[in-house]
Protein chains: 4
Amino acid sequence: MDIASETSSTQKKIINAAIKVFSEKGFEGATTSEIAQEAGVAEGTIFRHFGTKKGILHGILVSAVTSFQKPQFMVSLAEVIEKGDAHSLIHMIKEQLEAIEKQLPLLKMLFYEAQFHTEVQEIIMEKIARPILDLLSQSIGKQKDMQKFRCLDTNLMAVSLISSLWGYVVWKQIAPEQETIDEEEALTQLMDIWLKGVEVNPYNS
Amino acid sequence: MDIASETSSTQKKIINAAIKVFSEKGFEGATTSEIAQEAGVAEGTIFRHFGTKKGILHGILVSAVTSFQKPQFMVSLAEVIEKGDAHSLIHMIKEQLEAIEKQLPLLKMLFYEAQFHTEVQEIIMEKIARPILDLLSQSIGKQKDMQKFRCLDTNLMAVSLISSLWGYVVWKQIAPEQETIDEEEALTQLMDIWLKGVEVNPYNS
Amino acid sequence: MDIASETSSTQKKIINAAIKVFSEKGFEGATTSEIAQEAGVAEGTIFRHFGTKKGILHGILVSAVTSFQKPQFMVSLAEVIEKGDAHSLIHMIKEQLEAIEKQLPLLKMLFYEAQFHTEVQEIIMEKIARPILDLLSQSIGKQKDMQKFRCLDTNLMAVSLISSLWGYVVWKQIAPEQETIDEEEALTQLMDIWLKGVEVNPYNS
Amino acid sequence: MDIASETSSTQKKIINAAIKVFSEKGFEGATTSEIAQEAGVAEGTIFRHFGTKKGILHGILVSAVTSFQKPQFMVSLAEVIEKGDAHSLIHMIKEQLEAIEKQLPLLKMLFYEAQFHTEVQEIIMEKIARPILDLLSQSIGKQKDMQKFRCLDTNLMAVSLISSLWGYVVWKQIAPEQETIDEEEALTQLMDIWLKGVEVNPYNS
DNA sequence: TATGAATGAGTCTTCATTCAT
DNA sequence: CATGAATGAAGACTCATTCAT
């Protein structure tokens with residue numbers, strides 16, 4: 001029995017509709033009536049399942065966390081760090097980028113609303129941010145132990161990596177017109193900058 | 001007679017109140033009545049000056065853009081890139097960090113709302129994002145010409161730099177408890193990662 | 001199943017309340033809150049059904065037009081014209097006068113607001129004014145063909161007739177104190193003036 | 001010293017502006033701010049002169065009554081009745097019709113608002129309606145005495161006459177497209193209907 | 001006397017939430 | 001369980017009126 005089966009079909013419809021509407025309009029900008037319409041259910045049905053509007057947000061988060069459990073590309077990211085070769089990761093990211101970009105508005109909304117809803121912030125921290133950081137930190141730590149990476153603050157290195165990637169994706173979406181270079185090439189360069197930045201320079205040790 | 005004097009005292013009061021309330025509650029979450037109260041004016045007065053709630057946002061943006069004209073630390077950032085020495089910049093950022101962090105919620109709100117209000121997005125792009133990118137790109141370009149920086153995509157390098165700094169500041173605010181290292185040290189390491197990442201390695205050419 | 005049943009009971013309550021309040025205070029002078037109170041529903045309910053305040057006006061108009069479909073006294077008016085005998089019409093008008101006078105403020109408001117709301121004007125013209133004029137013009141035309149009425153402009157004759165009646169009703173309401181003559185007598189004289197005014201005088205042909 | 005001189009130039013400007021704005025938007029639909037702008041004075045100035053918005057309406061009425069004192073065409077109307085010849089009146093009305101039509105929206109507004117403001121109603125009744133009715137009644141009375149007009153209710157005859165003319169002017173404005181006949185001809189026919197309607201028929205006495 | 005910025009009560013309208021069916 | 005009509009508190013916005021300059 002998998003987790004998803006605990007969520008009824010109606011709930012799924014509502015969650016999906018809410019993801020769409022929240023992504024487009026933001027949490028405050030969305031209306032329960034529009035979500036209901038998008039989900040093809042009555043407005044009252046939403047409240048039967050989630051109690052309040054905030055409850056829907058919570059529901060999305062839980063659902064997201066569940067499916068975020070093992071973000072394949074994060075695992076790969078860790079591998080990249082350990083192998084020092086970005087090739088496979090880039091390939092993977094590239095393949096998943098469309099999905100990521102689709103989720104971007106939702107993630108932005110979630111991070112933004114986290115400011116105003118403590119519980120949202122806590123869930124994001126515990127279930128998303130921390131695991132990712134931990135995963136990366138672990139890999140980075142290994143490299144540091146093996147003296148392949150310089151002796152910098154582990155957390156900082158992880159933040160730097162994530163920020164770069166996040167920044168690239170956001171920027172790509174905000175200013176899509178100026179795609180001077182190919183996406184694969186861009187990701188390669190980005191990873192390369194970071195790797196070169198943290199690697200121990202053999203001639204400087 | 002300075003530019004600021006074009007903005008009446010009442011308008012300033014409202015702008016400041018709005019910055020505070022918008023920062024705390026977000027644009028949609030804020031109410032004009034609360035802004036009025038915070039500003040110590042009647043609610044009607046707000047609409048006398050800004051017409052609509054969105055008009056207040058616009059007013060904030062204009063005011064922000066005006067005072068953002070020459071962000072000292074950005075100029076320094078350019079210098080750093082050209083000198084390859086982060087020392088002075090880090091010192092400056094460190095000193096301005098309190099101010100930046102105070103503005104952070106506002107900036108986050110502005111960037112977030114840009115999604116929903118085209119004009120906000122345009123102003124931010126034209127007046128804030130583009131100038132910064134251009135400034136950095138210019139400095140980076142010089143270094144590339146002098147073969148001090150590797151031949152990577154200029155925009156990408158700039159995005160990578162900005163993202164790292166932004167990511168650090170945001171992370172610091174979200175997870176303030178785990179300050180394992182000193183702020184100055186953190187910034188130094190961050191800049192160092194980026195610089196090492198983009199510099200031409202003499203032994204690798 | 002009659003047409004009226006398409007309008008829910010709540011809508012009917014609101015329409016009736018709105019008719020009353022609009023009649024007393026005019027469209028702009030009326031408040032949705034007062035209409036809600038008069039209708040015994042929550043203010044939000046009004047907007048659930050009519051969307052905007054103007055929507056209520058539209059609703060009234062539609063409802064009025066529906067019930068105005070076959071104004072019995074207009075049919076009689078046509079008969080009078082054709083028979084040249086006002087007796088039956090006067091009797092009918094007299095009986096319906098109370099109803100007409102009750103509707104008078106609403107009609108006045110509707111005609112007045114037509115100036116400011118194009119759609120109201122169009123509906124009134126198409127559904128009320130034109131049908132009445134057409135009906136009368138037709139009857140008048142027949143009489144002209146039979147050489148019972150003089151060869152004057154048909155529309156003008158109709159306007160003259162309607163205006164006299166309308167003027168009498170309005171005047172009666174404005175200056176009710178000076179009822180020197182009986183209502184039936186008044187209407188008889190009014191119709192008589194018009195009939196004599198338009199009839200072919202046998203001795204003058 | 002004429003009456004008009006009691007009204008300052010500023011007051012006149014405001015009155016004229018108010019007439020324009022009230023005519024276009026109605027009393028409730030007009031704003032004091034728009035009137036001030038139209039008059040080229042500050043909003044406060046209006047209240048210095050007229051106290052309240054209703055005060056402006058009152059001011060208009062007083063001004064209108066003053067200039068309405070001797071409505072030339074009414075005097076002519078009386079003459080027409082006495083002479084039984086509409087020629088000169090029609091000529092005059094025709095000439096004044098443009099002015100009348102310009103005033104029509106104001107008059108409609110005044111009559112409409114009279115419903116809601118007792119004092120407005122009283123002034124209109126005392127200063128406009130009654131004098132006109134009296135003038136006409138007097139002329140009609142004379143004709144009745146001379147057995148030229150039938151022995152109908154004098155007031156009713158007057159109302160019938162006024163209503164026809166008013167109805168024609170209003171109709172002309174509402175449905176301007178269908179001018180089948182010339183204006184002069186229309187007025188002639190209208191007066192003719194009424195005159196024939198009230199005259200004693202020599203062969204029927 | 002004229003001004004116009006400030007006021008705040010009042011308006012229309014929205015929308016999360018409830019509950020009888 | 002699902003529905004959707006009804007709710008009413010709260011929000012953005014308007015505008016006649018006041019008053020210090």
Side-chain angles (χ1 to χ4, degrees), chain A residues 8-11 13-14 27-37 39-56, chain B residues 8-11 13-14 27-37 39-56, chain C residues 8-11 13-14 27-37 39-56, chain D residues 8-11 13-14 27-37 39-56:
Chain A
S8 77
S9 144
T10 301
Q11 264 174 328
K13 279 195 295 184
I14 295 170
F27 178 72
E28 297 281 355
T31 67
T32 51
S33 129
E34 193 180 354
I35 294 170
Q37 201 182 336
V41 301
E43 210 170 346
T45 307
I46 289 179
F47 290 89
R48 179 159 287 283
H49 283 276
F50 298 97
T52 64
K53 189 185 179 186
K54 206 167 168 178
I56 312 174
Chain B
S8 78
S9 140
T10 301
Q11 259 171 329
K13 278 195 296 184
I14 294 170
F27 178 73
E28 297 281 357
T31 68
T32 52
S33 120
E34 192 180 353
I35 294 171
Q37 201 180 337
V41 300
E43 206 171 348
T45 306
I46 289 180
F47 292 92
R48 196 168 217 307
H49 285 274
F50 298 97
T52 62
K53 190 184 177 188
K54 205 165 163 179
I56 311 174
Chain C
S8 78
S9 138
T10 302
Q11 259 171 329
K13 279 195 295 182
I14 295 170
F27 179 72
E28 298 280 356
T31 68
T32 51
S33 119
E34 192 180 354
I35 294 170
Q37 201 180 337
V41 301
E43 207 170 348
T45 305
I46 289 180
F47 291 90
R48 199 169 214 306
H49 285 274
F50 299 97
T52 63
K53 190 186 177 186
K54 204 164 162 181
I56 312 173
Chain D
S8 77
S9 145
T10 301
Q11 265 173 328
K13 278 195 296 183
I14 295 170
F27 179 73
E28 297 281 356
T31 67
T32 52
S33 130
E34 192 180 356
I35 293 170
Q37 201 181 338
V41 302
E43 209 169 347
T45 307
I46 288 179
F47 290 89
R48 179 159 288 282
H49 283 275
F50 297 97
T52 64
K53 189 186 179 186
K54 207 166 166 180
I56 311 174

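In the text below, chain A, chain B and the rest are named by the order of the sequence lines, each starting its count at 1.
- Rounded to a whole Å, the CD1 atom of A:Ile56 is 11 Å from the C1' atom of E:dT17.
- With DNA chain E read from its 5' end, the first of the two nearest nucleotides for C:Lys54 and B:Gly40 is the one closest to B:Gly40.
- Rounded to a whole Å, the CD1 atom of A:Ile14 is 12 Å from the P atom of F:dC1.
- Regarding contacts with the backbone of F:dC1, every side-chain N or O of A:His49 stays at 4.0 angstrom or more from both OP1 and OP2.
- If you check E:dA20 for Watson-Crick or wobble pairing at under 3.5 angstrom, you find it paired to F:dT3.
- Residue contacts for B:Ala30: at a heavy-atom cut-off of 4.0 Å it reaches the sugar-phosphate backbone alone, with no base atom in range.
- Taking only side-chain nitrogens and oxygens, B:Arg48 comes nearer than 4.0 Å to OP1 or OP2 of E:dA5.
- Whole-Å rounding puts the A:Gln37 CD to E:dC15 C1' distance at 14 Å.
- Taking every side-chain heavy atom of B:Phe47 into account, F:dC13 is the closest of F:dG8, F:dA16, F:dC13.
- In this structure, the CD atom of D:Glu28 is 11 Å from the C1' atom of F:dA16, given to the nearest Å.
- Among all heavy-atom pairs drawn from C:Ser33 and C:Glu43, the shortest one is N-OE2, 3.4 Å.
- Out of F:dG8, F:dT17, E:dA2, the shortest distance to the side chain of C:Ala42 is found at F:dG8.
- Nearest heavy-atom pair, A:Ile46 versus A:Thr32, reported as atom, atom and distance to 0.1 Å: CD1-O, 3.5 Å.
- Rounded to whole Å, atom P of E:dT14 lies 15 Å from atom CZ of C:Phe50.
- OP1 or OP2 of F:dA16 has at least one side-chain nitrogen or oxygen of D:Thr32 nearer than 4.0 Å.
- Nearest-nucleotide positions on DNA chain F place C:Val41 closer to the 5' end than the other of C:Val41 and B:Lys53.
- If you measure from atom CD1 of A:Ile35 to atom P of E:dT17, you get 11 Å, rounded to the nearest angstrom.
- Under the 4.5 Å side-chain criterion, counting only non-hydrogen atoms from C-beta, D:Phe27 is not in contact with C:Glu28.
- Taking side-chain N and O atoms only, D:Thr52 has no distance below 4.0 Å to OP1 or OP2 of F:dA16.
- Whole-Å rounding puts the A:Ile46 CD1 to F:dC1 P distance at 16 Å.
- Between C:Glu43 atom CD and E:dC15 atom C1' the separation is 14 Å, expressed in whole Å.
- Under the 3.5 Å distance criterion, the side-chain polar atoms of D:Lys53 are left unmatched by any main-chain donor or acceptor of D:Phe47.
- The residue C:Thr31 sits close only to the backbone: its heavy atoms come under 4.0 Å of sugar-phosphate atoms, none of a base.
- When every heavy atom of D:Ala39 is checked against every heavy atom of D:Ile14, the shortest pair comes out as CB-CA, 3.9 Å.
- At F:dT7, one or more side-chain N or O atoms of C:Thr45 fall inside 4.0 Å of OP1 or OP2 (strictly under the cut-off).
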